[in-house]
There are 4 protein chains.
Amino acid sequence: MNKTSDKRSIILGATLRLINENGFHGTAMSKIAREAGVSAGIIYHYFESKDDLILELYNSLIKELMNALLKGFDNSKSLEDQIKKLFEDIFRYNLANPQAAMFIRQYKASPYYTHESNSQNQQYIDPIVSCVQKAKKQGIIKDLPDTVIAVLTMDVAALLAQRYSAGLVELNDELINEIIGIIWDALKK
Amino acid sequence: MNKTSDKRSIILGATLRLINENGFHGTAMSKIAREAGVSAGIIYHYFESKDDLILELYNSLIKELMNALLKGFDNSKSLEDQIKKLFEDIFRYNLANPQAAMFIRQYKASPYYTHESNSQNQQYIDPIVSCVQKAKKQGIIKDLPDTVIAVLTMDVAALLAQRYSAGLVELNDELINEIIGIIWDALKK
Amino acid sequence: MNKTSDKRSIILGATLRLINENGFHGTAMSKIAREAGVSAGIIYHYFESKDDLILELYNSLIKELMNALLKGFDNSKSLEDQIKKLFEDIFRYNLANPQAAMFIRQYKASPYYTHESNSQNQQYIDPIVSCVQKAKKQGIIKDLPDTVIAVLTMDVAALLAQRYSAGLVELNDELINEIIGIIWDALKK
Amino acid sequence: MNKTSDKRSIILGATLRLINENGFHGTAMSKIAREAGVSAGIIYHYFESKDDLILELYNSLIKELMNALLKGFDNSKSLEDQIKKLFEDIFRYNLANPQAAMFIRQYKASPYYTHESNSQNQQYIDPIVSCVQKAKKQGIIKDLPDTVIAVLTMDVAALLAQRYSAGLVELNDELINEIIGIIWDALKK
DNA sequence: TATGAATGAGAGTTCATTCAT
DNA sequence: CATGAATGAACTCTCATTCAT
């Protein structure tokens with residue numbers, strides 16, 4: 001890890017924290033610079049604009065999430081176990097990374113979120129999507145549209161993570177397992 | 001309906017449309033005024049500030065939603081039917097009012113959403129919460145925290161409504177009924 | 001006193017209080033209306049504009065002051081006694097009416113104060129000026145320009161009244177008399 | 001003198017001129033920027049707000065005035081000569097710097113003038129106050145409250161300077177000396 | 001690479017004034 | 001006479017972005 005990517009990461013981290021706390025609108029570039037301990041100008045060396053910075057942050061968080069999911073992937077297991085593991089990992093990742101979950105959620109709910117911004121992450125998403133497709137074809141899970149499945153897994157997990165971060169619900173391992181079970185039962189055929 | 005509440009409503013409507021399209025940050029007060037066909041200054045006659053305007057919009061949408069849910073309420077039916085009807089109505093309301101669903105979702109994902117902003121709506125939410133409580137006690141639905149139940153019903157419905165509005169998924173009556181059935185099966189004991 | 005002049009007076013009184021507390025700039029017409037217990041619009045029935053309202057207030061305060069001075073006037077006394085009494089009354093009036101003193105001072109220090117605004121009060125000021133002129137000619141007081149004499153009497157008194165109102169100095173009767181004596185000694189020949 | 005303090009000074013100078021001409025209320029930040037030949041935004045780099053700018057201007061003028069008075073200070077002279085010189089310098093400084101005198105006067109007559117704003121200048125005022133204190137104790141000048149002495153010297157000088165600037169009175173050296181003599185005679189024991 | 005002073009457009013908000021009622 | 005909703009220009013202040021150093 002060289003100095004360049006260090007500073008880039010520091011800026012991204014500062015942006016993540018500030019936007020989660022104050023929203024897109026409440027997060028001025030000058031504040032990001034102060035939080036990151038760099039000058040305002042240098043941000044424009046690493047990112048084209050504020051919009052670009054936010055998009056890059058989103059992409060990097062999606063990339064990290066997808067890497068975490070792929071790491072748990074085991075092709076030697078049965079497809080049912082693979083899918084089950086996938087859903088479990090999605091839940092656990094969101095709950096373990098509430099800052100990331102919160103940002104992704106806020107981003108997706110905002111006008112920053114366009115088809116274009118998502119197409120860049122297709123490469124990371126593809127393996128997971130194709131796994132889900134296979135499971136549908138083999139009759140392991142219900143034949144629902146991908147979007148519906150994504151909502152019931154990814155989005156539900158992210159929402160619960162945020163509610164947990166906000167102190168609105170207590171989530172112990174037992175409850176998490178129960179929820180994962182409920183979702184799995186709801187999706188499986 | 002007198003002129004005063006008319007203009008107030010017009011301003012709220014313009015705010016809803018613009019914020020859904022451009023986000024909180026992308027929606028200037030002057031644009032709201034232009035969209036509503038009023039002067040910029042008069043907004044401050046009806047609302048204290050931009051933040052207040054947004055909060056009032058949120059409150060009014062929550063109130064409308066809750067009224068819609070209460071309208072479908074029938075105490076003569078069995079509790080199971082009541083709960084089932086409630087979940088169905090939540091889905092249908094969100095899908096029928098995508099603008100409201102989208103705004104509520106964006107609001108809840110933003111730093112505007114605080115405990116304080118929700119406490120004002122407690123009066124509308126209470127009857128529904130108590131109905132769910134009763135269902136839990138009578139063993140009709142699973143004994144999950146209210147927040148988890150809210151995520152699996154209200155938030156899932158709102159998310160699907162937005163995905164539908166964004167053209168990401170086709171939701172016909174058959175599919176809606178299937179999803180309602182899935183959620184109901186997941187929650188019932 | 002009819003209702004019309006009542007309301008006019010109430011508006012003037014509200015303006016006096018608010019401007020002394022918040023300055024010209026900090027005193028909106030709507031606040032004057034609220035303080036006076038009238039609508040914003042009606043002020044424009046009694047006064048042409050905010051500037052006019054402020055000018056009329058200034059004029060009315062100058063008129064009251066001058067009337068107070070003229071009331072103490074006694075042509076049967078010696079000129080020396082008349083002048084001495086005049087200076088004493090100026091002091092006492094300012095100290096007894098700190099709100100008026102404060103406003104006049106703030107007005108005179110502001111760009112509202114023009115030659116034009118003063119010319120309207122010439123009728124009230126004339127008798128006093130001519131009395132001072134006579135005293136100068138008869139060698140009772142020093143032959144200083146009128147402006148210098150006004151500063152050493154009127155303005156000094158107003159300043160002391162304001163300092164007293166602000167709690168910066170304690171002014172008992174003894175001290176007031178001492179100051180009056182000092183000023184008189186300084187001006188007399 | 002570096003560029004930073006240059007621009008700060010230019011802004012302060014522009015503010016002084018405009019406020020003397022148009023008052024606090026009539027002096028918009030945008031006008032100050034234009035007069036100073038800078039952008040509107042940069043003022044907020046040097047000053048927190050309009051209020052802060054005005055306070056800083058007041059403080060800098062008080063500081064300059066006090067430095068001018070201290071420069072004329074000569075401890076080797078008799079206390080009587082020191083005091084006399086002080087009063088003379090106050091007069092001459094005010095008459096030589098009518099812009100400063102006018103602003104200080106307008107500021108003191110406005111609601112901007114608070115105890116807090118003055119406490120920041122105590123360090124500059126202290127030496128002069130203690131000199132006056134000593135003179136009172138030694139029976140050189142009358143035992144009047146400091147505020148009264150300040151009014152009769154500082155404020156009278158500032159008022160005369162403004163009247164002179166406004167063309168209301170002609171002040172030649174002879175007259176100035178006469179007035180200084182009158183004030184001195186009034187204060188000395 | 002890195003800084004931070006500088007820009008200027010545009011934000012939210014205020015307010016003197018008007019006018020239909 | 002009286003109201004107060006309505007206007008819209010002008011205000012203070014912010015902020016993404018640039019650029020000389």
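In the text below, chain A, chain B and the rest are named by the order of the sequence lines, each starting its count at 1. On a predicted model such as this, the values are computed, not experimentally measured, just so you know.
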When rounded to the nearest 0.5 angstrom, what is the spacing between [atom1] in [X] and [atom2] in [Y]?
X         : Y         : atom1 : atom2 : result
Asn59(C)  : Leu12(C)  : CG    : CG    : 10.5 Å
Phe103(D) : Ile62(D)  : CZ    : CD1   : 9.5 Å
Ile19(D)  : Ser110(D) : CD1   : OG    : 9.0 Å

Problem set entry | Results of ring pair (Phe, Tyr, Trp, His ring centres under 6.0 Å) for Tyr124(A) - residues two or more places apart only |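 Not a single residue meets the ring pair (Phe, Tyr, Trp, His ring centres under 6.0 Å) criterion with Tyr124(A).
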For this session: By nearest nucleotide on DNA chain F, pick out whichever of Gly37(C) and Ile43(B) is the more 5' one.
Result: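 Checking each residue's closest nucleotide, the 5'-ward one belongs to Gly37(C).
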Calculate the interatomic distance between [X] atom [atom1] and [N] atom [atom2]; express it in whole Å.
X        : N       : atom1 : atom2 : result
Ile42(B) : dT13(E) : CD1   : P     : 15 Å
Lys7(B)  : dG4(F)  : NZ    : P     : 17 Å
Arg34(B) : dG12(E) : CZ    : P     : 12 Å
Phe47(C) : dT18(E) : CZ    : C1'   : 18 Å
Asp6(B)  : dA5(F)  : CG    : P     : 15 Å
Ile32(C) : dT17(E) : CD1   : C1'   : 13 Å
Glu48(B) : dT13(E) : CD    : C1'   : 13 Å

For this session: Using a 4.5 Å cut-off on heavy atoms from C-beta on, say whether the side chain of Lys63(C) contacts that of Asn121(C).
Result: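 The answer is no; the side chains never approach within 4.5 Å.
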For this session: Using the salt bridge (charged side-chain N to carboxylate O under 4.0 Å, His left out) rule, collect all pairs that involve residues 35-62 of chain B, keeping only residues at least two apart or in two chains.
Result: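 Checked against salt bridge (charged side-chain N to carboxylate O under 4.0 Å, His left out) - neighbours excluded - the pairs reaching residues 35-62 of chain B are Arg8(B)-Glu56(B), Arg17(B)-Glu35(B).
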Exercise. What orientation do Tyr107(A) and Tyr112(A) show, parallel under 30°, tilted 30 to 60°, or perpendicular over 60°?
Worked result: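 Because their plane-to-plane angle is under 30°, the rings of Tyr107(A) and Tyr112(A) count as parallel.
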For this session: Name every residue in residues 12-23 of chain D that has at least one heavy atom under 4.0 Å from any atom of DNA chain F, in order of residue number, or write none if there are no such residues.
Result: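 Those residues: none at all.
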For this session: Check the pair Leu57(A), Leu61(A) against side chain to side chain contact (heavy atoms under 4.5 Å, CB included), reporting the backbone distance first and the verdict last.
Result: CA-CA 6 Å; Leu57(A) 174 56; Leu61(A) 293 177; 4.1 Å; yes
Exercise. When you match Asp51(C) and Val38(D) each to their closest nucleotide on DNA chain E, which lands nearer the 5' end?
Worked result: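 By nearest-heavy-atom nucleotide position, the 5'-most residue is Val38(D).
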For this session: Give the C-alpha distance, both sets of side-chain angles, the deciding distance and a yes or no for side chain to side chain contact (heavy atoms under 4.5 Å, CB included) between Leu53(A) and Ile32(A).
Result: CA-CA 11 Å; Leu53(A) 166 59; Ile32(A) 293 173; 3.9 Å; yes
Exercise. Tyr46(B) side chain N/O closer than 4.0 Å to the phosphate oxygens (OP1, OP2) of dA6(F)?
Worked result: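 Indeed, a polar side-chain atom of Tyr46(B) lies that close.
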For nucleotides 9-12 of chain F, list the nitrogen or oxygen atoms of the protein found under 3.5 Å from its nitrogen or oxygen atoms, one pair per line.
unit_1, atom_1, unit_2, atom_2, d
dT12(F), OP1, Lys50(D), NZ, 2.6
dT12(F), OP2, Met29(D), N, 2.7

For this session: Would you sort out whether Val38(C) and Lys7(C) count as a side chain to side chain contact (heavy atoms under 4.5 Å, CB included), showing the intermediate values?
Result: CA-CA 8 Å; Val38(C) 300; Lys7(C) 191 162 279 188; 3.9 Å; yes
Exercise. Out of dC1(F), dA5(F), dA6(E), which has the shortest distance to the side chain of His45(B)?
Worked result: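 Of dC1(F), dA5(F), dA6(E), dA5(F) is nearest to the side chain of His45(B).
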Problem set entry | Options dG4(E), dA5(F), dT7(E), nucleotide nearest the side-chain atoms of Ser39(A) |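 So the side chain of Ser39(A) is nearest to dG4(E).
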Exercise. Which heavy atom in Ala36(C) sits nearest to a heavy atom in Ile10(C), and how many Å separate them?
Worked result: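 Minimum heavy-atom separation between Ala36(C) and Ile10(C): O-CG2, 3.5 Å.
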Problem set entry | Consecutive-pair stems (at least three Watson-Crick or G-U pairs, under 3.5 Å) that include DNA chain E |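 So far as stems of 3 or more pairs are concerned, DNA chain E shows E:2-21 with F:2-21.
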For this session: Please name all residues satisfying side chain to side chain contact (heavy atoms under 4.5 Å, CB included) with Gln122(D), sequence neighbours left out, ordered by chain then number.
Result: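 Expected list: Ile125(D), Asp126(D).
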